[in-house]
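Proteins come first, then strands; the chains are lettered A, B, ... in the order of their sequence lines, and each starts at number 1. When reading the values below, keep in mind they use all heavy atoms of this one structure, side chains included, and skip hydrogens, waters and symmetry mates.
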Amino acid sequence: MQELAKAYEPQQVEDRLYADWLAKGYYEADASSSKEAYSIVIPPPNITGVLTMGHVLNNTIQDVLIRKARLEGKEALWLPGTDHAGLATQTAVEKYLRKNEQVTRHDLGREEFLRRVWAWQEKHGGIIIQQLKKLGCSCDWKRERFTLDTAYAEAVQQVFVDLFHKGYIYKGHRMVNWCPGSLTAISDEEVIPKAQKGHLFYMRYEVAEEPGRFLEIATTRPETLMGDTAIAVHPGDERYKDLLGKHVWRPFPKAQIPIVADEHIDPKFGTGVLKVTPAHDKADFEIGQRHKLPIIDVLTPHGKINCPEVPELHGLDRFEARKKSVEMLKELNQLVKEEPYENNVGFSERADVPIEPRLSEQWFLRYPKTEEALKVVREQLIKFYPSHWEKVYEHWLTNIQDWCISRQVWWGHRIPVWYKGTEIKCQVASPGEGWEQDPDTLDTWFSSWLWAYETMDDATRRKFYPTSVLVTGPDIIFLWVARMIIAGLEFLPSGEGATPEETLQKNIAFKDVYFTGLIRDGKGRKMSKSLGNSPDPLDLIAKYGADGLRFGLMRIAPQGQDIRFDEKQIEEGRNFCNKLWNACRFRAMQGAIDAKADPDKHALTPFAQHILQRLGETNEAVNIAFAKFEFSNAASGLYDFVWNDLCSRFLETAKADFNNPESPTRNGTLATFDFVLSRVLRLLHPYAPFITEELWLSLGFGTETIQFAEWPTLTKQSRSGAEKAEAIYSVVDHGRTLRGEFAIPSNQKLKFQLLAKDALSAAEIEVLALLLNAQEVEIVSVAPKNVPVAFTPIGELYLPLTGVIDPAAEKARLDKDLAKTLKDLELTNKKLNDTNMLAKAPAAKVEEWKSLQVELAAKHQRLLEQIKMLG
RNA sequence: GCGCGGUUAGCUCAGUGGUAGAGCACUACAUUGACACUGUAGGGGUCAACAGUUCAAACCUGUUACCGCGCACCA
């Protein structure tokens, strides 16, 4: 056996092991396997992206699940890939071209530009994949997919064609969310409302039929007033009833516009009068439809004013125009006042500029299978963790709006619609000479919603679809999760079942959805590129190792709660790895391990029995936690077991056996050690794949990799000696506390005396001495006088100090203990004297209180005696 | 406005009815035998507030406050 390094050095281990794992093809899933299938499709990261802490959390969870499935003997597939991210990538490449070649995409033309994007994708698209490998992700890289792979792209277009012919897709001239930054329409889900501090401007318009009478109107957007084609009031508003049917003068360009009545107006808001701009507001558009108002578009796609009749404003940016139009109103003496005002403005998620409601010709999808999508979640065919997301999902689905799927973007899936004159054809291939394809591409999410199955070939799909679990962030519950569910139910990748119920069951995209929390910085802010508050995971890996990062993060990532990131936590992850490493190193120093060690074939110390019992408890707790997707609970349980039960206790007691070749329990302790390590390494492997593999191989646990070793399923089981070990550990704790209270340096050898109620073996006394750093633990039958004492489950532990002790100080110490004991005793007495409580509390509880009372009373008595002895 | 989370030690968080927990940080002690990425001990909390249910509430119910998020509104 090779000597283990003094500290775990992840840099010496990770890359070497990962290369070996890939070379051996461990992660290539076999679609023809007879083993139970377990599958996950990765939420495909953008090709523009680099690894963030969010990715680390998300992908570590997936890796934990998939590695555990492998250990459980399942055929595991983790299918990786990337997303072409139409708009994001196009923007990134345009920025690159502008900077390096001073050209725009229009300079290059569509074909050449796309060639450049592909070249860029070749160079940058794989960065994040390499980073996932550094993290240890055990994806089936041979099955890596890209949303613009030829077959995938064709499937996306085919889906469009199918939905078109089924009547779900239509082209419409409608109000859409227009992004003036990236010059495309976007979907409702990509609009982020943000509170904006602005002004509410009160203007007055003269009534045409009654010169000298003015109407006050409040608006936040005076720059669009050239597009106003009416003024609206609530039909029941008494203030303005007589004005209905009359007109006001729009100040510029000067024109008469009608005053109409519409239910939409809130009489209590502002002045109760609304300027109606049908071309630039969704609600105004609807009012315009109801009253057959003309639509005047006064904005260009870039968000500049397009109104030659008002030359002062024409060509100005919309925000410049706002200031200018206010000035102009002032000059006309038509501005009454302006007040500070905060309202929500929709921002484009991608370009982070205010979106502009704009009338335009776009493609829309009326969602199919919404009822079924609701049903599969309501009836728990698909389970959400945490379950409260079900409500959010339901709310969205029941209020669902048609999806604007066309984008004025070049990089992506071209819409498979062809035009020739007034003729239209919807098909994937060109109908032939003279047909022009629609210039737009499809929303990126229109390709990702097929990800759960279109990434798979037929054989893979038969074996691995529906996937077992999806791990993702709740921020894309509508954008991706809900749409994937719908896609599965509409396109039936597994075909029809015998019953409608079975059809649903066979075609849901996944059975469980685990929503991760968001990682925030120390101040609770979202991590973002612009704030620069996100650490680079690769730096963290270099500093703490991939396992340290993974374990540290998983231990603090509670289910569904946001996580406040603190590098200290990653440091703890690394420290834990080192602790585990050194426990194994210590074991390796005692000689070869036995891969098939069976502790029950040997005589065992109480301490060995105790660790075995704790192992069972921990194993069971880990399995329960996993079943509930409580990753941090499982991680904390293992941390506690390794650090406290294994290292602080069992390992220390084992030294007594290891230091004594003649010890009759030596072999049992060795076997226990091997048995425990063999299992704890496997239990930890999903979290910390590298170190557990390295230790498994270095210690020689028999198989060529830990990754397919059997997942331990021990359960909680009482062991006869465990209780005694517990009691001895308690004696140790009390002894150490005594030492601390008398400020005796921890390296000073002491003599303790024990007035034991229970018999202790010589070996047990030896362990006691070892853990107490005692020169001797003497068993006495009479309580010594004037000696500091502690009350333990085994008996009274005395610390006879050389030299004179200060009776006053010792009395003070005992008084403190007495006060605490008395307080506890009174509390217990109170309970046991409460007849109501005794009558209604469960008998077992009452018994518990009774024995506690006896114990406390005895301690109380002994303390009083001790204090009396001190005089 | 509606909905969903959260509020427990200085910090990050566990804790689903029976005397408040962990790690970090802090203080003291310890430096050749697994580990300083360490060990040992210690201090530190009226569990956001109020009301209710209960023999018993950090935990269940209701109200309020504050923080975060989603949806709607957004003149």
Residues which pass side chain to side chain donor-acceptor pair (under 3.5 Å) with [X], listed by chain and number, not counting sequence neighbours:
X	answer
A/K816	none
A/R322	A/E223
A/N344	none
A/Q334	none

- Message: Heavy atoms within less than 4.0 Å of RNA chain B: which residues of residues 224-233 of chain A have one? Give them sorted by number.
- Response: none

Among [options], the nucleotide that comes nearest once only the side chain of [X] is considered:
X	options	result
A/K831	B/U19, B/C35, B/C55	B/U19
A/V392	B/G70, B/A75, B/A72	B/G70
A/R520	B/A75, B/G68, B/C35	B/G68
A/M837	B/A30, B/G18, B/A34	B/G18
A/F478	B/A75, B/C29, B/C71	B/C71

- Query: So what does A/P474 hit on the nucleic acid, given a heavy-atom distance under 4.0 Å: a base, only sugar-phosphate, or nothing?
  - Reply: nothing

- Is A/I744 touching bases, backbone alone, or none of the nucleic acid, heavy atoms closer than 4.0 Å? nothing

- Message: Please tell me if A/H264 has a side-chain N or O lying less than 4.0 Å from either OP1 or OP2 of B/C74.
- Response: yes

- Task: Determine: side-chain N/O of A/K391 to OP1/OP2 of B/C4, distance under 4.0 Å, yes or no.
- Result: yes

- Message: Both conditions, 6.0 Å and 45 degrees, for the charged tip of A/R614 above the ring of A/F641: are they met here?
- Response: no

- Task: Kindly indicate whether the side chain of A/E630 and the base of B/A14 share any N or O donor-acceptor pair separated by less than 3.5 Å?
- Result: no

- Task: Can you establish whether the number of heavy atoms outside A/E338 located under 6.0 Å from its atom CD is more than 12?
- Result: yes

Of all residues at least two apart in sequence or in a different chain, which pass the ring-ring contact (aromatic ring centres under 6.0 Å, His included) check with [X]?
X	result
A/F658	A/F586
A/H291	none
A/F752	none
A/Y240	none

- Query: For B/G23, which nucleotide is its Watson-Crick or G-U wobble mate, given both distances must be under 3.5 Å?
  - Reply: B/C11

Please write out each protein N/O paired with an N/O of nucleotides 38-40 of chain B under 3.5 Å, distance rounded to 0.1 Å.
{"unit_1": "B/U38", "atom_1": "O3'", "unit_2": "A/K579", "atom_2": "NZ", "d": "3.1"}
{"unit_1": "B/G39", "atom_1": "OP1", "unit_2": "A/K579", "atom_2": "NZ", "d": "2.8"}
{"unit_1": "B/G39", "atom_1": "OP1", "unit_2": "A/W643", "atom_2": "NE1", "d": "2.6"}
{"unit_1": "B/G39", "atom_1": "N2", "unit_2": "A/S746", "atom_2": "OG", "d": "3.2"}

- Message: Less than 4.0 angstrom from a charged side-chain N to a carboxylate O is my criterion; do A/E567 and A/K543 meet it?
- Response: yes

Short N/O separations, protein against nucleotides 44-47 of chain B, under 3.5 angstrom:
none

Atom pairs under 3.5 Å: protein N/O with N/O of nucleotides 31-33 of chain B:
{"unit_1": "B/U31", "atom_1": "OP1", "unit_2": "A/N747", "atom_2": "ND2", "d": "3.2"}

